[in-house]
Amino acid sequence: MTVVEQTGAPKTTPPGRPRRRPSPLGSKWTPYLFLAPAALFILVFQAVPLVQEVYLSFTRTRLLNPTRSEWVGLENFNRIFGDPEFHRTLLITVVYVITCVVVAIGAGLVVALLLNRKFRGRGVARALVTVPWAAPGIAVALIATWMLNAQYGIVNRFLDAVGLGVPGGAILDSPRYALPAVLATTIWQLFPFTSVVLLSALQSVPQDLNEAATVDGAGRWATFRAVTWQVIKPTVGLLALLMTIWSLRRFELIWLMTKGGPVGATETLVIDLYSQAFDSKELGSAAAIGMVGVVISLIVIIGSRLVARAVEKGDVR
Amino acid sequence: MGNKRAHFGIARATCALGLVATLLTGCGSDGDSGDGVTKLTFAASTFGDPGRGPLLTKWLDEFNQSQTKVQVSAAAVPYPTFGQTVLTQMGSGKGPDLIRFDMPEFEAASDAGLVAPLDKVIDASKYDLLKQPDQFMVHDGVRHGVIFEASNYAMFYNADLIPTPPTTYEQFTSTAKSLTKGDVFGLAFRQTEAEEAGVWQDIFNYVYGFGGAWSDGKNLTINSPENLKGLQAFKDLYDANVIPRGADAATFRRMFAEGKVGMELNNGGYVTATRGQNAKLNFNVAPIPFPVRKQGAILAPIVINEASEGKEEAGTFIKWALEPQNQVKLQEILGASSVATATQRSAEALKATAFLPVFDGLTETSLPQIVLGFEAKTPDIRKVVVQNVVAALQGKADLKSALDRAQQQATELVR
């Protein structure tokens with residue numbers, strides 16, 4: 001960009017042309033003007049409820065009488081952290097989130113690597129792989145529940161046929177198998193997204209670097225580590241962050257498949273929150289659980305930023 | 001000039017804020033539409049029933065045709081989320097004007113002051129109300145509801161599979177076992193936490209049928225020996241694999257209609273639904289053959305929302321519904337259920353459904369599925385009990401420990 005310094009005579013309006021008012025788009029307020037709708041939206045639909053939630057978490061508030069709330073300080077937090085059931089809920093949440101993130105990204109990467117190769121029907125395969133992601137969560141949950149149905153589900157028929165059938169076929173009603181079933185469904189829905197994103201990242205890997213590595217005698221794994229992984233690493237990091245936040249707040253799929261049961265086997269933080277708010281009708285406790293979720297999300301975000309910085313500086317490989 | 005511009009800016013900002021506020025508040029109750037007609041909403045999960053919903057809507061139309069000042073429209077909220085949806089709306093000072101509640105939600109709403117007292121709206125002494133169910137409509141001398149539907153639990157059996165119904169618990173279990181073969185099951189009941197309210201309804205019959213109760217009116221008795229006996233019977237049937245495990249109510253009811261389930265404990269409302277699924281099914285009904293003749297009943301009161309702006313008009317609807325000819329029509333729609341008042345069944349109805357008197361004969365020994373003395377806390381107690389019973393079914397705990405745990409947890413809840 002060239003900067004022209006204006007010197008000499010003061011600026012004057014050319015003769016015969018009326019003086020124009022300065023355009024509002026050129027003022028210093030312009031950026032704020034464009035940001036205002038989004039800011040207002042965030043303020044109304046994100047910030048205000050968050051502040052309200054923080055306040056609620058320090059009160060005893062019943063769903064049926066929300067106006068009659070009572071300030072109780074840290075009582076809600078003391079109660080939930082003193083409850084062994086909540087510790088189990090936290091553990092299930094951690095298992096759920098980590099499994100979703102690791103397996104969805106791992107499976108997505110494998111599929112992306114396959115789809116990045118040249119083969120006949122690649123376009124169709126790329127289109128088909130996005131189907132689970134395109135399907136709404138409710139539809140995915142209903143399809144999975146139907147497939148896992150104890151009486152007529154295709155999964156039971158298959159497992160019975162190969163001698164791995166669950167007694168009675170009630171996979172979603174078994175405390176042992178319900179969480180793996182919910183996880184498998186979640187990952188089935190998630191991995192197309194990770195594979196599409198990773199596929200686009202793979203396509204930005206310079207081909208000449210791969211070829212150079214091959215010429216230098218590097219094997220496939222070494223080439224992947226030295227070239228491909230270095231290019232797609234930031235994308236994987238971003239995906240991991242997104243997947244973590246999404247998995248922490250995933251509700252509809254778990255709720256529709258198991259409602260957090262059986263015997264709390266699939267009860268994650270958001271399910272517990274819903275249960276407290278709408279079954280037990282305790283908005284205060286529900287808000288406290290929500291705050292725990294917010295804090296975990298913040299830790300994950302800040303942690304990921306720190307890791308990203310360390311990676312940029314070369315402290316972490 | 002600057003002042004004018006500032007005022008103009010403030011006016012614009014106010015308009016924008018007003019628009020946002022309008023969008024945020026959304027639409028409230030219709031209220032008076034301006035032509036002198038008060039429009040009310042009546043929420044009931046039964047409006048969504050394939051068998052009864054359309055008939056109930058027609059019944060509402062009859063009311064609307066008889067009125068010039070009040071119009072009632074149906075709002076079908078699905079059964080599994082009905083309580084949560086409507087109670088949340090009512091808690092925030094909104095919601096439908098008229099509501100058909102199930103008992104646990106009715107008690108919770110009533111206890112929270114969300115239900116309008118009906119004494120000023122209707123004169124109950126004018127009607128021949130069924131005493132046994134109606135007593136649960138009055139709290140501390142104040143009437144909060146009127147029975148919309150009272151439906152006793154009985155044993156439905158597939159008459160092609162079971163020519164003679166069992167009359168003792170031993171016969172009941174042996175029939176269930178002998179029928180279970182291949183894809184046919186002797187019995188079906190709900191047993192998953194995902195159907196919490198349904199499991200509660202099912203285990204209620206086992207607890208009361210074996211002489212138990214959830215409370216003595218003052219203290220909870222969840223882990224009493226009688227309750228343990230009843231729930232052990234429930235668990236024994238589960239363990240005996242005579243039920244389609246993991247099948248939800250929708251699935252096993254379809255199986256019953258297809259002749260793949262021999263027996264089911266259910267309420268009168270199920271008659272119409274079963275016929276809706278298979279009009280040719282040869283089924284019959286008998287009292288539940290448990291040691292004690294005491295069983296659950298679905299009591300569904302109709303109430304007026306305290307927040308409604310049309311309470312008087314809502315009362316007009318309830319009064320219309322209580323008129324003898326409208327009660328008869330309502331009972332015909334509801335099938336084997338009873339309505340608020342003592343109503344004679346027609347000869348045609350008895351000819352079409354010979355077992356209707358079986359249901360009617362159970363009214364005096366039927367109880368609403370609430371915890372007596374802790375009515376408003378029933379949903380919380382239900383959650384605790386069902387979770388622990390399901391844990392025992394799943395082998396996570398033995399039944400005695402599960403009930404002890406439920407007793408302890410529920411006692412903490414009601415303390």
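Below, read A as the first sequence line, B as the second, and so on, with proteins coming before strands; counting in each chain starts at 1.
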Name the region of Glu85(A), side chain, backbone, both or neither, that has any atom closer than 4.5 Å to a heavy atom of chain B.
-> side chain
Is it the backbone or the side chain of Pro379(B) that comes under 4.5 Å from a heavy atom of chain A, or both, or neither?
-> side chain
Mind checking which of residues 406-415 of chain B sit less than 4.5 Å from chain A, heavy atom to heavy atom?
-> none
Which atom pairs, donor and acceptor, lie under 3.5 Å between side-chain atoms of residues 252-264 of chain A and protein residues at least two apart or in another chain?
unit_1: Thr258(A); atom_1: OG1; unit_2: Ile254(A); atom_2: O; d: 3.2
unit_1: Thr258(A); atom_1: OG1; unit_2: Gly260(A); atom_2: N; d: 3.3
unit_1: Thr258(A); atom_1: OG1; unit_2: Thr266(A); atom_2: OG1; d: 2.6

Under the ring-ring contact (aromatic ring centres under 6.0 Å, His included) test, which residues partner Tyr238(B), sequence neighbours left out?
-> none
Can you pull out the residues in residues 132-143 of chain A with any heavy atom less than 4.5 Å from chain B?
-> none
Evaluate the salt bridge (charged side-chain N to carboxylate O under 4.0 Å, His left out) criterion for residues Asp83(A) and Arg79(A): first the C-alpha distance (whole Å), next the side-chain angles of each, then the deciding distance (0.1 Å), finally the verdict.
-> CA-CA 6 Å; Asp83(A) 183 2; Arg79(A) 196 172 63 242; over 6 Å; no
Result of checking Glu195(B), Glu264(B), Glu258(B) against Arg253(B) for salt bridge (charged side-chain N to carboxylate O under 4.0 Å, His left out) = Glu264(B)
Are the ring centres of Phe77(A) and Phe58(A) closer than 6.0 Å?
-> yes
Please walk me through it: do Val115(B) and Ile304(B) pass side-chain contact (heavy atoms from CB on, under 4.5 Å)?
-> CA-CA 6 Å; Val115(B) 169; Ile304(B) 299 175; over 6 Å; no
Sub-6.0 Å ring centroid separation between Phe234(B) and Phe189(B) = yes
Is there a donor-acceptor pair under 3.5 Å between the side chain of Asn305(B) and the backbone N or O of Ala307(B)?
-> yes
Winner by heavy-atom pair count (cut-off under 4.5 Å) against chain B, out of Ser174(A), Ser280(A), Ser275(A), Pro175(A) = Pro175(A)
Taking the six-membered ring for Trp, are His144(B) and Phe106(B) parallel (under 30°), tilted (30 to 60°) or perpendicular (over 60°)?
-> perpendicular
Electrostatic pair Glu107(B):Lys377(B) at N-O distance under 4.0 angstrom | no
Under 4.5 Å to a heavy atom of chain A? For Leu114(B) that would be side chain
Atom group of Phe41(A) that falls short of 4.5 Å from chain B, counting heavy atoms | neither
Output, in order, the C-alpha distance, side-chain angles, deciding distance and verdict of side-chain contact (heavy atoms from CB on, under 4.5 Å) for Glu282(A) and Arg62(A).
-> CA-CA 5 Å; Glu282(A) 294 288 351; Arg62(A) 295 274 295 162; 3.2 Å; yes
Within the distance-only criterion (no hydrogens, no angle test), does the side chain of His87(A) pair as donor or acceptor with the backbone N or O of Phe81(A) below 3.5 angstrom?
-> yes
Are the side chain of Ser45(B) and the backbone N or O of Pro78(B) linked by a donor-acceptor pair below 3.5 Å?
-> no
Count the heavy-atom pairs under 4.5 Å between each of Asp248(B), Thr192(B), Asn388(B), Leu393(B) and chain A, then report the option with the highest count.
-> Thr192(B)
Interface residue of largest heavy-atom contact number with chain A, from Gly395(B), Ala112(B), Ala247(B), Gly113(B), under 4.5 Å = Ala112(B)
